[in-house]
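Count residues from 1 along the sequence. Any value given below was found using the heavy atoms of this structure, including those in side chains, with hydrogens, waters and symmetry copies removed.
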Amino acid sequence: PLYRAVVRETVTVSHRECPIQVTAPDKVRFSVYEGDETMLCLLNTDFTNPVTAAVRYKNRTLTVNLRPTELVNVEL
């Protein structure tokens with residue numbers, strides 16, 4: 001139990017400080033690409049259900065609706 005708590009805290013502490021936060025169901029995968037612009041790619045891997053993802057970046061929240069198996073690029 002102690003080991004599990006330490007590992008969980010170690011993994012989640014880096015995500016709390018991240019400037020981009022994505023809140024979505026488990027079926028949503030995402031990646032961030034940084035260059036001249038910051039691009040977020042969201043993928044709904046569910047074959048039957050649409051999902052909604054909330055993206056927090058620079059004190060604003062974007063809501064993105066994804067159809068089944070849809071890939072969406074979001075410019076941040």
Side-chain angles (χ1 to χ4, degrees):
L2 177 61
Y3 175 77
R4 191 176 300 173
V6 170
V7 169
R8 183 179 349 190
E9 184 63 24
T10 302
V11 170
T12 60
V13 72
S14 64
H15 294 294
R16 279 186 241 138
E17 299 301 320
C18 183
I20 300 171
Q21 296 180 346
V22 177
T23 305
D26 290 340
K27 293 287 187 172
V28 174
R29 303 290 181 253
F30 68 93
S31 59
V32 177
Y33 298 95
E34 295 179 311
D36 294 336
E37 299 175 349
T38 302
M39 179 74 68
L40 174 70
C41 296
L42 295 163
L43 173 65
N44 180 7
T45 60
D46 196 313
F47 287 101
T48 56
N49 298 314
V51 297
T52 301
V55 179
R56 282 188 279 301
Y57 180 65
K58 291 187 177 179
N59 297 323
R60 63 184 177 137
T61 301
L62 303 170
T63 302
V64 181
N65 296 312
L66 298 159
R67 294 185 309 267
T69 68
E70 182 178 21
L71 174 67
V72 173
N73 294 323
V74 180
E75 288 186 33
L76 300 175

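Judged as a side chain to side chain contact (heavy atoms under 4.5 Å, CB included), and not counting sequence neighbours, the contacts of Glu37 are Glu75. With sequence neighbours left out, the side chain to side chain contact (heavy atoms under 4.5 Å, CB included) criterion links Pro25 to Val28, Val51.
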Per-pair distances, 0.1 Å, donor-acceptor, side chain in residues 53-65, under 3.5 Å, sequence neighbours excluded:
| unit_1 | atom_1 | unit_2 | atom_2 | d |
| --- | --- | --- | --- | --- |
| Arg56 | NH2 | Thr23 | OG1 | 3.1 |
| Asn65 | OD1 | Thr52 | OG1 | 2.9 |

Please tabulate, one pair per line, all N/O donor-acceptor pairs under 3.5 Å involving side-chain atoms of residues 40-48, not counting sequence neighbours.
| unit_1 | atom_1 | unit_2 | atom_2 | d |
| --- | --- | --- | --- | --- |
| Asn44 | OD1 | Asp46 | N | 3.0 |
| Asn44 | ND2 | Asn49 | O | 3.0 |
| Asn44 | ND2 | Arg67 | O | 3.2 |
| Thr45 | OG1 | Lys27 | O | 2.6 |
| Asp46 | OD1 | Thr48 | N | 2.8 |
| Asp46 | OD1 | Thr48 | OG1 | 3.2 |
| Asp46 | OD1 | Asn49 | N | 3.1 |
| Asp46 | OD2 | Asn49 | ND2 | 3.4 |

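In the displayed structure, Asp26 atom CG is contacted under 6.0 Å by at most 12 heavy atoms of other residues, nucleotides or ligands.
Counting side-chain heavy-atom gaps under 4.5 Å among Ile, Leu, Val, Met, Phe, Trp and Tyr, the cluster of Met39 also holds Tyr33.
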